[in-house]
Novice: 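First, the structure itself, so that you have it in front of you.
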Amino acid sequence: MVATADALAHLNPSQRRAVEHHCGPLLVVAGAGSGKTRALTFRIFQLIHQHRVAPDNILAVTFTNKAAREMRDRIEKLFADQLAQQETGKPLTALPAAEQTQLRSRVYKQQIKPLWIGTFHSLFARILRYDIDKYQDEQGHQWQRNFSIFDESDVQGLVKEIVLKDLNLDEKKFNPRSVRYAMSNAKNLLRSPTEYLNEATTYRERTIAEVYSEYQKRLAANNGLDFDDLILIPTRLFQQNETILGYWHYQFQHILVDEYQDTNRTQYELIRLLATNGETRKEQWNWQRRSLFAVGDADQSIYSFRMADYKILLDFQRDFGDGLPDATTQTMVKLEENYRSRENILQAANHLIAHNTERIDKVLRPTRGEGERIYLYQADSERDEAQFVLGSILKLRERASDLGWGSFAILYRTNAQSRVLEDAFRGRVPYMIVGGLKFYDRKEIKDAIAYLRLLANPADTVSLLRAINTPRRGIGKATIDNLISAAQQLGVPLWEIISDETSVNTIAGRTAKAVNGFAALIKGYQGKVETSDANYLVRAILEDAGYLDDLKSKGTDEAKTRLENIYELFSAVDDFQREYEDTTLAGFLANASLASDLDNLAEGQEAISLMTLHSAKGLEFPIVFLVGLEQGLFPNVRSLDDPQSLEEERRLCYVGITRAQERLFLSQARQRNLWGSTEPAIPSQFLMELPPELIERNGRAVLPRAAGHMATAEPVTQPADDTPGLNWKVGDRVIHNAFGEGEVILLLGSGRKQNLAINFPAAGRKIIDPRVAQLERIEA
DNA sequence: CTCTTTTAAGGTACC
DNA sequence: CTTAAAAGAG
C-alpha cells in the first residue's frame, strides 16, 4: 500500500489525473518525454490494485512489441514492489536477488500473464485463433484457425504473380509494389475488394480491384493472412456477428490505446466496436464499469504514408468525449511537462512545431536546466559531415570520459545516408545500425520458418514452394509447374498432390524420387507437431532436410554467418519457450511472424546508434546528431509541393529534436553525392524555423536567408495564426528558398486554407501553402 | 538446372 | 554508386 501512495506522490497533477481515471473515456495528450508510459503503466496497476479489475479484463494496445514488453515489465515491477512492501516491509530492491526473482514470477503468473497487452496485430491474431472459422467472407473465402501470417515479401511475391502471370498486366503501369501499396491502403481504410471496385473511378483502380480480389482468393487458398487482415478481419467479424462482438466487448472492460495518433481507420473502427459494443447511440453507451483510454500526440504523427490518421486523435473528444472546450473538458488531459530534454532543445522543438496548422494546442514545458545551445554545422560535403559527427563524438568523450558510446545517436531521413557515416566510423568507433535488415527477414531464417509453417499449415503453398528445393534437391521449375497445374485443376492445395506418392510418380517422372523424399520428410514431422516441442522440431527438421549440412559444406563467410543466424534462431525458440511457457510450434510461429527486432540483443552493447528518424520514435539519447538538413532530403523532395506532407516532415523533425536529452547537433552539407552525381544542396527550411538565438554556428554556417529577401532576422512567429494572409494575387512575383523565383498563376481556396499555384521557371509548377513555405514576395 | 551477366531502382516502416 | 532481382547462357 505504501508503495502505491509513494508512487502516486511522484506524479504531477496531470499525470495523476490520467492515472487515477477509472471509468469512461479519456484522451491523454502526451507530449514527447512527458511520462506517457509511466501514466499508462501506473494506470493499469491502479485499475487492478485499487479498483479490483481482473487483469484479463484489460486490453492495452501498443504499436511495437518493444513497447508492450516494456509496459509488462514496468507493471510487473510495480506489483513486485508493492508485494515486497506488504510482506517484508522493504522495497523490492532491498531483497536478495533470489527472492526478487521469486516474487516477480509470482506477480507474473497472477497479474501480468493474464493481461491483454500487445500490438494490434498480436492481440487480434490471438483472437482470430479462436474465432476466424466463424468469419463470413464477402467472397465466400474461408480460413482455418491454423492460418499462416504472410510477411511483406511473401505478399509481394503473390501480388507479383497475380499482376504479371494471372492478369498479364503491364509491369510499368501496374508496378506490383504500388499495386500492393494500394491494396494495403484499401484494407487500412476498411474496404473489401467489392467496395474498392464500387468506389473505383479509373481503369487503374478497377484493375487494382481485380488484383485485390484475386489476391484474397490466393491468400485463402493458402490459409494465409497478411498483416492488414489481422486487423481487418476481426473488424468485419465484429461487425457481422453480434454474439462474438458481445463476448469480446464484455471481456475487455478497460481498453487502453497507446500512440493513438498512429491508428488507421480500420483500427479505429475495431476499437470503437469493442468499446461501444457496436452501439451508435452515444446515450446508450454504458461507461459504468468500463473505460477507453487513448494516449497520443498529434505532433508526433509520422506514419500517414501507411494510412495512420492523426485526425482520429483530434476527433476523440467528438467521438467519445464530452466535446467541451479544452479548458472545461473532463475527457481530456494534457501532459506538457517534459522530463527529458534541456530547455534550449525544447524551445527549439516548440518553435518549430508551431509552424504546423492542424494541432491540439500544446507546448512542452521544461523541467530541467537550460543546457547548452544547439550546434549547427555546415559541411562541405556528406563526407565532411560524417567527419564532423565523428570528431564531435571523440571530442565530447575526451571532455566527459563517463560518456559511453551508447549515449550517442545519429538520426537521418533516409537509410541511404547511413553508408557515408559507416565508412567514417568503421574500425574507429563501435556503432550499430538500428532498424536495417530484420532478423526474421534474413533469407536463411525465412527458409527455416518456411519449413515450420509448412508443418503447422500444410495448405501454405507459399512456404511449400520455398522449402521444396532449399537446399537444392533437383526439383526444378518444370516439375513444380506440372505439380501446381495438377493441383489447380483439382482445386486442392499443392500439398495434397505432393503428399500422394502415386500422383507424384505419375506427374513428376524422373524427379518423383526427390519429391517423394521431400514429402516423406515433411510428413514424418507433421505427425510430431502436436506431441513435440518447437525447439526439438526446428532443430530436427533443418538437420534432416540437409539445410545445415548444405551451409556447412559451403564454407564461405556468407554461409558461416547464415549458419550462425540459424543457431540464433534455435536459441530464439528456446527463449520463447521459457518466456511464454509455451512449447507449441504454433505458439512460436505466431510470435515469430509478428516479431520485428531481435536487435534488442544489442541493447546492452555500448555502441553509437545510427537510425532513421522514423526508427528513433519513442527513444531518447543524451546526445543526438540530426544530419542531412537539406531541402529535398529533409524535408524530402516528395513533400515539397504538398503542404500536408510538408507538415508531416516537420513533425518528423520535431520527433528528431525531442529525442535529445542534453545536447543536439544539427548538420547540413553544401553539396551531396546522391546516386553517383554530386548535387548542390540548399539548407533545410526547418533550420530557419528554429529560434536563431538558440543556435550556435560554426564559422561557415549561415542561416539560409538570402540577403535582401528576408528583411529581418526575427524568429518566424506563428505563420499559422489568423492573419488573413498577404492578399496574394495572380501575377505576384515570389522567391522561394528552394525553387528560386516564380510567378503566382492561380489562387486556390481562400482564407486560412488558401494555397498558391506558382510557376517556377527553374522547378516547374508547384502548389504551395504561403503560411508554411518560406516565400517572399518581390515588389515589382 | 545452375551459374553469370544485365538491368532497374533506390522515402519513411510498424506488425 | 550500390544492391537486388530478372533474364540469358552454358
Side-chain angles (χ1 to χ4, degrees), chain A residues 61-68 118-126 149-153 155-157 160 164 171-172 175-178 181 184 187-188 225-232 258-259 261-264 266-267 301-308 382 411-420 422-423 434-438 440-441 443 469 471-481 510-511 514 590-597 611-618 628 632-640 642 645 648-649 651-653 655-656 672-679:
Chain A
V61 191
T62 62
F63 269 81
T64 64
N65 287 310
K66 193 172 162 238
T119 61
F120 268 107
H121 297 87
S122 65
L123 291 166
F124 288 95
R126 198 169 142 199
I149 299 170
F150 284 5
D151 72 17
E152 201 46 46
S153 66
V155 163
Q156 288 283 351
K160 206 164 178 182
L164 268 39
E171 197 177 350
K172 299 247 156 50
N175 172 269
R177 246 182 81 116
S178 68
Y181 186 60
S184 177
K187 288 189 175 186
N188 289 331
L225 298 178
D226 65 23
F227 287 129
D228 302 322
D229 289 329
L230 297 178
I231 318 290
L232 180 65
D258 191 15
E259 306 283 14
Q261 78 284 354
D262 285 338
T263 48
N264 63 43
T266 307
Q267 291 164 333
S301 155
I302 54 173
Y303 284 112
S304 69
F305 65 89
R306 61 178 207 222
M307 288 289 109
E382 74 278 358
L411 312 182
Y412 38 79
R413 176 68 242 269
T414 67
N415 278 310
Q417 288 168 258
S418 74
R419 217 196 71 245
V420 191
E422 282 188 84
D423 288 345
V434 178
L437 187 61
K438 306 287 185 301
Y440 285 98
D441 287 343
K443 182 189 176 301
N469 203 30
R472 303 213 163 95
R473 297 185 176 86
I475 305 171
K477 193 174 179 301
T479 308
I480 291 172
D481 280 351
R510 267 180 309 185
T511 40
N591 180 273
S593 38
L594 297 173
S596 65
D597 48 343
M611 67 188 96
T612 63
L613 284 149
H614 282 90
S615 318
K617 183 156 168 218
L633 185 60
F634 189 29
N636 192 271
V637 228
R638 290 146 119 121
S639 71
L640 288 179
D642 173 22
S645 26
E648 176 139 323
E649 296 282 311
R651 290 194 291 269
L652 194 53
C653 188
V655 166
R672 185 167 293 269
N673 213 326
L674 221 57
W675 303 329
S677 65
T678 303
E679 303 286 339

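As the structure is a prediction and not an experimental result, all values here were calculated from the model. We name chains A, B, ... by the order of the sequence lines, and we start the count at 1 in each one.
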Novice: With sequence neighbours left out, what residues match F63(A) under ring pair (Phe, Tyr, Trp, His ring centres under 6.0 Å)?
Specialist: F120(A)
Novice: Could you tell me the separation between the CG atom of D226(A) and the C1' atom of dC14(B), rounded to a whole number of Å?
Specialist: 14 Å
Novice: Would you call E422(A) and R419(A) a salt bridge, taking side-chain N to carboxylate O under 4.0 Å as the test?
Specialist: no
Novice: What is the distance, to the nearest angstrom, from the CD atom on Q156(A) to the P atom on dA4(C)?
Specialist: 15 Å
Novice: What's touching nucleotides 9-12 of chain B from the protein side, N or O pairs under 3.5 Å?
Specialist:
residue : atom : partner : partner atom : Å
dG11(B) : N7   : R638(A) : NE           : 3.3
dG11(B) : N2   : R413(A) : NH1          : 3.2
dG11(B) : N2   : R413(A) : NH2          : 3.4
dG11(B) : N2   : E649(A) : OE2          : 2.9
dG11(B) : N3   : R413(A) : NH2          : 3.4
dT12(B) : OP1  : N415(A) : N            : 2.7
dT12(B) : O4'  : R413(A) : NH2          : 2.9
dT12(B) : O2   : R413(A) : NH2          : 2.7
dT12(B) : O2   : H614(A) : NE2          : 3.4

Novice: Assuming nearest nucleotide by heavy-atom distance, tell me which of R472(A) and D228(A) is located more 5' along DNA chain B.
Specialist: R472(A)
Novice: Nearest whole Å is fine: how far is dC14(B) C1' from D229(A) CG?
Specialist: 16 Å
Novice: How many Å lie between CG on D258(A) and C1' on dC15(B), as a whole number?
Specialist: 15 Å
Novice: How many whole angstroms separate atom CZ of R473(A) from atom P of dT2(B)?
Specialist: 12 Å
Novice: Reckon L164(A) touches a base, only the sugar-phosphate, or nothing at all at heavy-atom distances under 4.0 Å?
Specialist: nothing
Novice: Would you mind reading off the distance between N264(A) atom CG and dC14(B) atom P, rounded to a whole angstrom?
Specialist: 16 Å
Novice: Can you check the E422(A) CD to dT3(C) P distance for me, whole Å?
Specialist: 10 Å
Novice: Between C1' on dA13(B) and CG on D151(A), what's the gap in Å once rounded to a whole number?
Specialist: 13 Å
Novice: By side-chain contact (heavy atoms from CB on, under 4.5 Å), which residues pair with V655(A), not counting sequence neighbours?
Specialist: Q300(A), I302(A), K617(A), R659(A)
Novice: Distance alone, cut at 3.5 Å: any donor-acceptor contact between the side chains of D258(A) and T62(A)?
Specialist: no
Novice: Can you figure out which of dT2(C), dC15(B), dT2(B) approaches the side chain of N65(A) most closely?
Specialist: dC15(B)
Novice: Output all residues satisfying ring pair (Phe, Tyr, Trp, His ring centres under 6.0 Å) with F634(A), sequence neighbours left out; order by chain, then residue number.
Specialist: F686(A)
Novice: Tell me, please, which residues at least two apart from T479(A) pass side-chain contact (heavy atoms from CB on, under 4.5 Å).
Specialist: I475(A), L483(A), A508(A), T511(A), V515(A)
Novice: Got a sec, which residues hit side-chain contact (heavy atoms from CB on, under 4.5 Å) with A590(A), two or more places apart in sequence or on another chain?
Specialist: R129(A)
